[in-house]
Amino acid sequence: MTIYAVGTELASKFDPYVEGTKTCPAGEIYRAGQDIRDLYAPLSVGSKGSDTGILIGNTDISNYFAAKGTASYWDGTLADLPTNVSDTGSDNDKTAIVEIGFLNTGELRQRKNYPFSEVVIGSWDGIKANSTNTEVRFTLLEGTLSINSASTWSALSSSRFFSIESSDQGYLYARVLVELRQTGNASTTISKEITISATHEIDGLPPGPGGI
């Protein structure tokens with residue numbers, strides 16, 4: 001049976017449809033000539049709200065749709081990614097290394113070699129964004145990279161890294177565009193630039209002006 005919801009402002013009760021599997025039965029309730037299953041976000045992307053009193057069979061439609069303000073979609077982030085990281089090593093000490101890792105656990109990791117440190121600096125995942133639905137790309141804009149495991153769009157089901165390393169080359173740097181998106185969905189792409197640098201000092205003097 002088709003029921004026309006008259007006098008109930010459903011738009012104030014449910015979030016609008018963006019994506020997700022529609023579980024509300026088709027052809028049951030229309031709003032302004034449109035099937036409401038096409039108008040409102042499915043419950044799977046949000047939370048249930050209070051009952052509306054509108055039923056399909058014996059089920060209140062609040063069991064099919066996300067309550068207003070609760071829908072959440074892919075929400076990957078680059079907020080914790082720094083914009084500049086450097087490391088310095090010396091002739092009698094360790095090679096200078098900077099490595100940035102996007103781990104498949106959702107963590108962002110930074111590794112430096114002088115002094116050695118390997119720390120989690122934040123996260124790239126969110127409530128909905130995770131290793132099963134997110135991919136990353138590292139594009140070298142300037143300089144050089146020692147490792148780049150995601151020069152093309154790469155799934156974060158595996159951890160991905162980029163790094164720079166200097167042992168006797170003096171000063172090296174790389175300016176990298178980091179992009180993150182829901183797998184295959186270009187409209188969700190977010191990006192941020194980061195510069196990493198590694199300096200290998202000779203006799204305690206940095207290369208370049210005033211050094212060797």
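Of all heavy-atom pairs between Asn130 and Thr134, the closest is O-OG1, 2.9 Å. Nearest heavy-atom pair across Ala150 and Val136 is CB-O, 3.8 Å. In terms of heavy atoms, Glu165 sits closest to Leu172 at O-CD1, 3.3 Å. In terms of heavy atoms, Ala67 sits closest to Asp15 at O-OD2, 3.3 Å. Taking every heavy atom of both residues into account, Ser191 and Leu177 meet most closely at CB-CD1, 3.9 Å. Between Ile194 and Val178, the closest heavy-atom pair is CG2-CG2, 4.0 Å.
Here the CG atom belonging to Leu81 is positioned 5.0 Å from the CZ atom belonging to Phe102, to the nearest 0.5 angstrom. Atom-to-atom distance recorded for Leu180:CG and Leu156:CG is 6.5 Å, nearest 0.5 angstrom. How far CG of Asp60 is from NZ of Lys48: 6.0 Å, rounded to the nearest 0.5 Å. Here the CD atom belonging to Gln34 is positioned 13.5 Å from the OH atom belonging to Tyr17, to the nearest 0.5 angstrom. Interatomic distance, CZ of Phe65 versus OH of Tyr40, reported as 8.0 Å (0.5 Å rounding). Annotation: the span from Thr83 atom OG1 to Ile196 atom CD1 amounts to 12.5 Å, rounded to 0.5 Å.
For the pair Tyr64/Ile36, no side-chain contact is recorded, criterion being any heavy-atom separation below 4.5 Å from C-beta on. Residues Glu193 and Leu141 are in side-chain contact: their nearest non-hydrogen atoms beyond the backbone lie under 4.5 Å apart. Put simply, the side chain of Arg160 reaches to within 4.5 Å of the side chain of Ser154, judged on heavy atoms. Proximity of His200 to Thr95: side-chain heavy atoms (C-beta onward) are nowhere separated by under 4.5 Å.
Pairs passing the salt bridge (charged side-chain N to carboxylate O under 4.0 Å, His left out) check and including a residue from residues 130-147, sequence neighbours excluded, read Glu135-Arg181, Arg137-Glu179, Glu142-Arg175.
Note on Ile190 and Leu108: same hydrophobic cluster, where clusters join Ile, Leu, Val, Met, Phe, Trp and Tyr whose side-chain heavy atoms are under 4.5 Å apart, directly or indirectly. Note on Leu43: it does not cluster hydrophobically with Leu39, by side-chain heavy-atom contacts below 4.5 Å among ILVMFWY residues. Connection of Phe161 to Val176 is not established within any shared hydrophobic cluster, with ILVMFWY side chains joined at heavy-atom distances below 4.5 Å, either directly or through further cluster members. In the hydrophobic cluster analysis, where Ile, Leu, Val, Met, Phe, Trp and Tyr join through side-chain heavy atoms closer than 4.5 angstrom, Phe14 is grouped together with Ile54.
The closest side-chain donor-acceptor pair between Ser62 and Asp51 falls under 3.5 angstrom.
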**OP:** Output, in order, the C-alpha distance, side-chain angles, deciding distance and verdict of side chain to side chain contact (heavy atoms under 4.5 Å, CB included) for Glu19 and Tyr73.
**Re:** CA-CA 8 Å; Glu19 62 183 52; Tyr73 301 95; 3.4 Å; yes

**OP:** Evaluate side chain to side chain contact (heavy atoms under 4.5 Å, CB included) for Ile29 paired with Asp35, printing each intermediate quantity in order.
**Re:** CA-CA 6 Å; Ile29 301 178; Asp35 194 322; 5.8 Å; no

**OP:** Any chance you could lay out the side chain to side chain contact (heavy atoms under 4.5 Å, CB included) test for Ser166 and Tyr171, step after step, and finish with the verdict?
**Re:** CA-CA 7 Å; Ser166 179; Tyr171 173 78; over 6 Å; no

**OP:** Show your reasoning for whether side chain to side chain contact (heavy atoms under 4.5 Å, CB included) applies to Asn133 and Asn185.
**Re:** CA-CA 10 Å; Asn133 62 10; Asn185 188 348; over 6 Å; no

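A salt bridge between Glu99 and Lys112 is absent, with no side-chain N of the basic residue lying under 4.0 Å from a carboxylate O of the acidic one.
Not counting sequence neighbours, the partners of Phe162 by the ring pair (Phe, Tyr, Trp, His ring centres under 6.0 Å) test are Phe138.
Checking side-chain atoms of Asp87 against main-chain N and O of Asn113 turns up a donor-acceptor pair under 3.5 Å. Ser157 contributes no side-chain N or O that, together with a main-chain N or O of Thr132, makes up a donor-acceptor pair within less than 3.5 Å. A donor-acceptor distance shorter than 3.5 angstrom exists from the side chain of Thr189 to the backbone of Ala186, with no hydrogens or angles considered.
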Counting only pairs under 3.5 Å, give me each side-chain donor-acceptor contact of residues 117-129, with atom names and distances, residues two or more places apart or in other chains.
| from | atom 1 | to | atom 2 | distance (Å) |
| --- | --- | --- | --- | --- |
| Trp124 | NE1 | Leu103 | O | 2.8 |
| Lys128 | NZ | Ser44 | O | 3.3 |

